[in-house]
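Since the structure is predicted, the reported quantities are computational estimates derived from the model, not experimental observations. So that the names make sense, note that chain A is the first sequence line, chain B the second, and so on, each numbered from 1.
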Amino acid sequence: MNGLKQFVDEVRDLLKKSGVEEPKTVFPKDPRFGDLSSPSAFDIAKKTGNPPVQEARALAARMSGEKLRYVEKIEVADPGYLNFYANWKTLAVEILSEAVERGPRYGEIDIGKGRYVLVEHTSVNPNKALHIGHARNVCLGDSIARLLTKTSHKVAVANYIDDSGVQMAEILLAFTHLGYSINPPEGEKFDQYCGRIYAEVSKKIESNPELENLKRKIAADLENYESQVYRFNAEVVDRVLREQLKTCWRLGARYDVLNKESDVLFFDLWDDVFKSLREENAVYFVDSGPKKGCWMFDLRGHPKLSKEGDEVLVKSDGSTTYVARDLGYAAWKLGLLNRDFKYRMFGVNPDNTPVYITDRKGHETKQFGSASYTINVVDVRQRRPQEIVRYALEKLGADPSRYIHYAYEVVSLSRADAEKLNVPVEEASFVHMSGRGGIYVNVDPLLDYIKAKAIEGARQRHPDWSSEKTEYVGEQIAVAALRYFLVRADPDKMIVFDSSEAADIEGDTGPYIMYAYARATRILEKSDTSPDPRRTPEKLEAQEIELLRKISILPMVYEEAVKTLSVKRVVTYLRELAFVFNDFYETCPVLSAADDTKVFRLAMVEAFRSAMSSAAQVVGIPLVEEM
RNA sequence: GGGCCCGUAGCGCAGAAUGGACAGCGCAUCGGCCUUCGGAGCCGGAGGUCGUGGGUUCAAGUCCCACCGGGCCCGCCA
């Protein structure tokens with residue numbers, strides 16, 4: 001097992017044996033304060049009234065007789081810290097051996113114990129192409145799924161396809177009544193084409209009551225499974241969806257199941273839920289007033305939502321609202337229903353795993369529901385409906401902590417990018433995107449733009465490369481740059497998208513990570529001897545210790561990241577790891593070193609590659625051997 | 001009106017799950033480093049009332065309260 005963790009455990013044991021009930025430890029920012037520091041003497045001093053330094057000295061004295069494997073030295077520092085120094089010579093052998101041996105699987109931990117988690121992400125309406133806001137969802141969701149997989153969870157990824165709303169009616173209207181061709185102009189992707197005409201049609205409908213009526217009629221027909229409109233819609237949805245998935249796959253995402261909203265209706269997931277809610281008296285029927293004829297969800301018992309009024313679940317015409325459908329779907333996810341979908345195969349992920357889609361005429365039965373818990377990657381604007389669903393699940397007897405809304409802030413456009421789209425910005429420093437308003441930056445053209453920039457760089461560096469190779473590396477760089485850009489920020493913070501910033505491939509970016517890896521690869525490639533982690537030098541350089549420290553901390557990073565569902569934590573790790581490697585690279589020559597040092601440093605480089613490929617896998621940053 | 005989120009250097013961000021020692025990184029800017037493992041890199045300089053004011057604490061960017069500024073949500077839309 002991992003060396004540094006054992007050092008930490010040894011320190012904590014020591015503190016306990018010396019009489020500290022709940023030891024506090026922290027990794028100091030400055031190596032002057034040792035490798036692990038404890039302020040526990042402050043706690044004791046508080047009780048005894050003695051100066052903290054005195055208590056720290058007493059603790060240190062009690063530790064002095066212990067036989068220690070990983071702790072080399074203990075120091076007392078003003079005003080009362082205990083600083084522990086690790087025996088890096090011993091640790092190095094253990095850390096490097098494990099990292100070298102495990103390769104990209106280095107750092108994996110068994111915290112999940114095989115529990116089944118259903119992660120839902122993407123869920124873009126099937127009437128348009130993905131824009132960068134959707135890409136934030138995809139990259140976060142995909143990384144969460146990867147993180148859970150890394151930490152011994154069984155993961156399935158679902159994508160909710162909202163194929164029965166008015167947004168579909170609008171685009172169908174364009175094809176059936178406004179003379180738009182069902183085929184896009186040469187060179188335009190079908191999803192991008194739909195997104196474009198969706199914005200155009202929305203504008204027309206706004207100023208035309210006749211079209212508004214037509215739209216309503218089409219929307220109503222969408223729920224009639226025998227209608228022509230339903231069949232036509234299914235074709236359009238299928239076509240857009242296939243184009244959307246190409247973009248998602250390009251970003252490195254994968255899916256197990258596509259759940260269509262029309263099938264949530266068809267398989268009647270809502271019915272069981274509605275029955276239970278009535279039995280629990282959690283819903284009531286309205287006899288009079290503006291909401292006459294509706295079934296409402298009672299929110300009076302909710303600490304916050306009670307102040308905003310109850311929620312309509314069944315409309316007066318008997319149809320369900322979006323929240324009701326989502327609740328039925330959520331209940332299915334957690335296995336609260338006696339009903340299930342039927343499926344058919346939809347396609348194959350780039351990793352060759354199958355993608356299933358719900359289908360009312362499907363022949364396949366699958367177990368995608370009934371998860372231990374579910375994570376829904378949905379933007380912050382849906383906090384209220386998500387909370388209503390969670391609260392309703394609690395009313396249905398489920399543990400509400402099993403339903404996790406992974407909220408993230410939206411992506412908006414910078415002044416410069418908005419102006420490029422001829423959007424008036426006035427005083428604002430950013431502009432919100434809007435599919436309907438035609439204000440958005442799509443993912444594919446953006447990736448192409450970054451790729452072109454990367455290819456230009458690759459051509460200069462490697463004039464001898466084939467165009468296929470240049471093309472391939474350019475694509476990987478573009479994906480790395482975009483993914484890194486979208487997940488390095490805190491999910492609670494709005495990203496103001498600026499294309500020049502997103503296309504940056506220097507500094508704190510995805511390609512920086514890739515570059516460190518490529519450098520490391522070059523060293524191993526040029527070496528004529530094998531790495532040997534056991535040949536530890538008597539004296540380690542400071543940069544070697546920093547690199548060792550960073551490599552060894554990876555399992556703890558995963559633990560922290562999965563507990564807090566923080567993708568950013570792993571991104572930060574990648575940056576720091578690349579940074580300390582570059583420092584090592586500058587100061588510790590490998591190939592020209594004496595034999596003993598050389599084989600040890602080769603092991604360092606190899607271990608670095610293990611840690612890096614493991615963590616890059618989680619964030620979905622593709623690595624290449626040369627760039 | 002009610003609820004939620006954000007505010008750290010000119011700009012973009014770490015540091016916020018567990019309060020710990022002088023608050024870090026990138027971009028931009030100024031100055032260095034290629035006869036030595038890849039300069040998409042590295043080193044150094046300059047740049048900070050951690051929104052403001054209180055409070056808790058031996059210790060607060062981190063916890064609590066108030067306020068200011070910005071954003072979002074509160075529809076028989078999804």
Counting any heavy atom closer than 4.0 Å, what does A/Thr572 reach on the DNA or RNA strands: base, sugar-phosphate only, or nothing? sugar-phosphate
Would you indicate what A/Lys453 reaches in the nucleic acid, counting non-hydrogen atoms under 4.0 angstrom: base, sugar-phosphate, or nothing? nothing
Out of B/rU8, B/rG3, B/rG41, which nucleotide sits closest to the side chain of A/Glu308? B/rG3
Hey, is CD on A/Glu21 packed in by over 12 heavy atoms from elsewhere, all under 6.0 Å? no
Is A/Val312 touching bases, backbone alone, or none of the nucleic acid, heavy atoms closer than 4.0 Å? sugar-phosphate
Please tell me which of the listed nucleotides, B/rC5, B/rA40, B/rC58, lies nearest to the side chain of A/Glu506? B/rA40
Would you say the base of B/rG38 and the side-chain of A/Arg522 have a donor-acceptor pair closer than 3.5 Å? yes
Run the salt-bridge test on A/Arg436 and A/Glu170 with the 4.0 Å N-O cut-off and return the result as yes or no. yes
Which part of the nucleic acid, if any, lies within reach of A/Ser164 when heavy atoms closer than 4.0 Å are counted: base, sugar-phosphate only, or nothing? nothing
Under 4.0 Å, heavy atoms only, any strand: does A/Lys307 hit a base, just the sugar-phosphate, or nothing? sugar-phosphate
When you compare the side chains of A/Asp417 and A/Ser499, does any donor N or O come within less than 3.5 Å of an acceptor on the partner? yes
Would you indicate what A/Asn83 reaches in the nucleic acid, counting non-hydrogen atoms under 4.0 angstrom: base, sugar-phosphate, or nothing? base
Which is true for A/Lys24 with a 4.0 Å heavy-atom rule: it touches a base, it touches only sugar-phosphate, or it touches nothing? base
A/Ile477 near the nucleic acid: base, sugar-phosphate alone, or nothing, with a heavy-atom cut-off under 4.0 Å? base
Base, sugar-phosphate, or nothing for A/Asp490, non-hydrogen atoms under 4.0 angstrom? sugar-phosphate
B/rC34: syn or anti, with syn meaning chi within 90° of zero? syn
Check: B/rA40 base within 3.5 Å donor-acceptor of A/Arg461 side chain: yes
State which of B/rG3, B/rC37, B/rA21 makes the closest approach to the side chain of A/Lys304. B/rG3
Under 4.0 Å, heavy atoms only, any strand: does A/Arg488 hit a base, just the sugar-phosphate, or nothing? sugar-phosphate
Salt bridge check: are A/Asp528 and A/Lys598 linked by an N-O gap of less than 4.0 Å? yes
If we take the C1' atom in both B/rG10 and B/rG47, what is their distance in whole Å? 9 Å
At 4.0 Å (heavy atoms only), tell me whether A/Pro589 reaches a base, stays on the sugar-phosphate, or touches nothing. base
Within the 6.0 Å centroid threshold, strictly below: A/Phe581 and A/Tyr517: no
Could A/Glu544 and A/Arg601 be called an ion pair, given the rule that one side-chain N must be under 4.0 Å from one carboxylate O? yes
Could you state the atom-to-atom distance from CD of A/Gln386 to C1' of B/rC74 in whole Å? 16 Å
Examine the base of B/rC76 for any acceptor or donor lying under 3.5 Å from a partner atom in the side chain of A/Thr321, and report the outcome as yes or no. no
What is the pairing partner of B/rC63, taking Watson-Crick or G-U wobble pairs with both distances under 3.5 Å in any strand? B/rG55
Regarding A/Tyr512, tell me which of base, sugar-phosphate or nothing describes its non-hydrogen contacts under 4.0 Å with the strands shown. sugar-phosphate
Assign A/Arg381 to base, sugar-phosphate, or nothing according to its heavy-atom contacts below 4.0 angstrom with the strands shown. sugar-phosphate
Have a look at A/Phe430 and say if it touches a base, only the backbone sugar-phosphate, or nothing, with a 4.0 Å heavy-atom cut-off. sugar-phosphate
Pair of N/O donor and acceptor under 3.5 Å linking B/rA78 base with A/Asp163 side chain: no
